[in-house]
Amino acid sequence: MANIVPIVEMKRIEKNFGAVRALRGVDLTLGENEVLGLVGDNAAGKSTLMKVLSGAYIPDGGNIYISGVRAEIDGPQDSRDLGIEMVYQDFMLADNLDVASNVFLGHEIARWKLGFLQILYKSKMEQETRKMLDRLKIEIDSVRLKVKNLSGGQRQAVAIGRATAFDARVVIMDEPTAALSVAAIDKVLDLIKQLKDEGASIIIISHRLEDIFRVADRVMILRHGRKVGEKIIEGDIHAFREDIVAYMIGARDDFPTTEEELLV
Amino acid sequence: MSDQTAVSRNESTASSAGQFLRNLFARQEIGLLLILLVLSAFLTWQTDTFLTSRNLFNNLLFFSWIAIAAFGETMVVITAGIDLSVGSVMAFAGFAAAWILTFAPIAERLTETPLVILAVVGGLFAGVLVGLVNGILITRFRLPPFIATLGTLSIARGITFGVTGGWPIRELPNSFQQIGQLNVSIAIWEVPLPVIIMLGVALLCGLFLGETVSGRHIYAVGGNEEAVRVSGANPKRVKMLVYTLGGFLAGLAGLIMTARLGVAAPDAARGYELDIIAAVVIGGTSLFGGEGTILGTLIGAAILQVLRNGLVLLGFPAYWQPAAVGAVIILAVIFDYWRKERSQ
C-alpha cells in the first residue's frame with residue numbers, strides 16, 4: 001500500500017435514495033496501474049459507488065480526486081473527459097451494428113465535416129478496430145460482423161476493448177464475467193491482465209471471488225454502504241475466500257471505517 | 001452465422017465471387033426487386049397497357065410523393081419509432097403553400113416567382129414545424145411516438161380544415177403547378193419532375209443514413225438506445241432529427257402532390273400514413289427498429305404502386321383493392337420474419 005501512486009481517490013462519498021443510505025461515507029483509492037476488486041453482498045453499494053465515479057449518480061457528499069486534482073463530475077461526459085470509462089454488466093452494445101461501429105459508437109472518426117453532416121471514415125475505423133482487437137488478442141474474424149452474431153465472450157471483449165480504445169486512464173468493469181461461459185471467463189480475465197500490462201488502472205466489481213483473486217492486486221469490501229475491509233491479494237485462494245466472505249456477511253467487522261465513526 | 005465466413009479475417013482482401021453473390025442474395029433489396037420484377041412481368045404478360053411508357057410514368061408519378069414521405073418514415077421507424085402524422089402533414093404543408101400563394105397579405109405585392117419560392121419555403125416550414133412538435137412531444141414529454149403523432153395527425157388535419165372552412169384552395173399560379181406537372185426530357189423519355197425530385201431525395205437520404213455519423217446514430221438508437229446514451233451521443237437529439245426530417249420530407253411530398261393536383265384540398269392525402277408505413281415495411285424496415293434502407297423503401301413503395309395499378313388494369317373491383325393491398329403487407333412482413341429466422 002505504501003508506495004501506491006493514487007490515480008483515483010474517492011473520499012467520504014455519501015449517497016442517499018430517499019431514506020435509504022446507500023453509501024455512508026465510503027473511501028476508495030485506486031493506484032496507478034493497479035487492479036482493484038470491489039466486492040460485497042447485494043445492495044452493499046458497489047454499483048452505486050461506481051455510478052458516482054462514472055457520473056451516472058451525483059453524490060450527496062464527499063469529494064473525488066483524479067491524480068490528486070479535485071474533480072467535479074456532474075454527468076457521464078465529465079467522467080469520460082477525465083479518462084474514466086465504464087464497461088456495463090449488460091455490455092451496452094447495439095446488436096444491429098457491426099463490431100467497428102460499436103467500438104467507435106459516440107467517437108466516430110469523420111472523413112470531413114460540414115456542420116452536423118459528418119461523413120464516416122469507415123475504412124479508418126475498421127483498421128483501428130482490427131488493430132485494437134489484434135493488440136488485445138481478441139479473436140473476432142471480422143470487424144464487419146454484427147454484434148448479434150457474436151458469442152457472449154466476444155461481446156464482452158468488444159465492450160472492454162471499446163472502453164480502452166480511447167486512451168482511458170481508468171476502466172470500471174461491472175460484473176465482467178457474470179454472463180459468460182467458463183471458457184469465455186478465462187479469455188476475459190486474460191484480457192484484463194493484458195490491459196494491466198499495458199498500464200491501465202482498473203476497478204472490477206464481481207461476485208466471483210476467484211476471478212478477483214486471479215486478476216486483482218487488492219480487494220475492497222463493502223457492506224451496507226460502508227467500507228468494511230481491504231486486503232492485498234496474496235497466498236491461498238481458500239483462505240482469501242473465507243476472509244473476504246467473513247467481511248461481506250458481517251461475521252468480521254474490525255476495519256476502522258471513516259473518521260466520523262472513529263470519533264464515535 | 002453465415003457472415004462469419006463471408007468476410008475474411010483480413011479486411012482488405014475481397015471475398016470470393018461466390019460469397020459475394022451469396023451476400024448479395026442475403027440482402028433484402030434483391031428479394032424485393034425480384035418480387036417487383038415478377039409482378040411487372042406478370043402484368044406485362046396479362047395486359048397490353050402495363051408496359052407502356054405512359055403507364056409506367058404515371059405509376060412513377062403517383063408513387064413519387066408516397067416514396068418521399070416514406071423515406072422520412074424509414075428513418076423514424078429505424079429508431080424504433082413511428083410517425084402517423086405524415087398524411088396530415090402532406091395536406092397541411094400543401095395547404096400552407098396554397099394559402100401563401102392566394103390569401104397571404106404579402107401575396108399581392110410580390111411577383112409570381114418570389115411568391116412561389118416563399119410558398120415552397122412556407123410549405124416546407126409547416127412540415128418541419130409539425131416534425132419539431134412530434135420530436136418535442138416524444139423526447140421532452142416522453143410520449144410514445146404512436147400517441148404523439150396520432151395527436152398531431154388530428155391537429156394538423158384539424159387546422160387545415162379549420163382555416164379553409166373545409167373548402168379547397170384552387171387557382172394556384174401556373175409556375176407553382178409546374179413543380180408537379182413539368183416533364184423533363186431525358187434521352188427519349190419525358191420524365192415527370194416529381195420523379196426526378198424523388199430519385200434525388202432518395203440518393204441524399206440513402207447517403208445520409210449510410211455514410212454519416214448522424215445516420216449511424218439513427219441505426220444505433222434503434223438497436224440499443226441506452227448504449228447510445230452511455231457512449232456519449234445523445235439519443236434525444238437523434239430522435240428530434242428524425243422526426244423533424246420526417247416532417248420536412250412529408251412537407252415536400254405534400255407540396256409536390258398539391259402542385260400536381262393543382263388544388264389544396266383539406267382532405268388530401270387522408271389515410272396516406274398507412275400507404276407510407278406499408279411502403280416502409282414492405283421495403284424491409286423492421287418495426288422493432290435498427291434495420292432498414294432507403295433503397296428498400298423505394299422498392300417497397302414501387303411494389304405497392306405496381307400492385308394497385310395491376311389490380312386496376314386487371315379489372316379487379318375498386319372497392320376490394322384495399323383488402324388485396326392489406327394482404328400483401330401482411331405477406332411481406334411474414335416473409336421478412338421467415339427470411340430473418342433462416343439467416344440465423
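Convention: sequence-line order gives letters A, B, ...; per-chain numbering from 1. Any value given below was found using the heavy atoms of this structure, including those in side chains, with hydrogens, waters and symmetry copies removed.
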Highest number of heavy-atom pairs under 4.5 Å with chain B: which of A/G55, A/S54, A/A56, A/S101?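 Option with the top pair count is A/S101.
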With a 4.5 Å cut-off on heavy-atom pairs, point out which of A/N102, A/L105, A/I119, A/D95 contacts chain B the most.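 Of A/N102, A/L105, A/I119, A/D95, A/L105 has the most heavy-atom pairs under 4.5 Å with chain B.
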Any idea which of B/S214, B/G290, B/G222 has the most non-hydrogen atom pairs under 4.5 angstrom with chain A?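 Answer, by heavy-atom pair count under 4.5 Å with chain A: B/G290.
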Can you tell me which of B/S231, B/G232, B/A220 forms the most heavy-atom pairs within a distance under 4.5 Å of chain A?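 Most heavy-atom pairs within the cutoff with chain A belong to B/S231.
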Expected list for residues 199-213 of chain B: side-chain donor-acceptor pairs under 3.5 angstrom, two or more places apart:
unit_1 : atom_1 : unit_2 : atom_2 : d
B/E211 : OE2    : A/K122 : NZ     : 3.2
B/T212 : OG1    : B/F208 : O      : 2.6
B/T212 : OG1    : B/G215 : N      : 3.0

Within the side chain of A/K196, is there an N or O that forms a donor-acceptor pair under 3.5 Å with the backbone of A/N33?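 Between the backbone of A/N33 and the side chain of A/K196 there is a qualifying donor-acceptor contact (under 3.5 Å).
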Would you find a donor on one side and an acceptor on the other, under 3.5 Å apart, between the side chain of B/E73 and the backbone of B/D83?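 Such a contact is found between B/E73 side chain and B/D83 backbone.
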Would you call A/D134 and A/R130 a salt bridge, using N to O less than 4.0 angstrom?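 Here A/D134 pairs with A/R130 in a salt bridge, since their nearest N and O are under 4.0 Å apart.
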Within a radius of less than 6.0 Å around NZ of A/K124, do more than 12 heavy atoms belonging to other residues, nucleotides or ligands occur?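 No, NZ of A/K124 has 12 or fewer neighbouring heavy atoms, counting only those of other groups under 6.0 Å.
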Select one option (side chain, backbone, both, neither) describing which atoms of [X] are under 4.5 Å from chain B's heavy atoms.
X	answer
A/Y121	neither
A/L97	side chain
A/L93	backbone

Pairing residues for A/D81 by the side chain to side chain contact (heavy atoms under 4.5 Å, CB included) criterion, not counting sequence neighbours: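 Side chain to side chain contact (heavy atoms under 4.5 Å, CB included) list for A/D81, sorted by chain: A/Q77.
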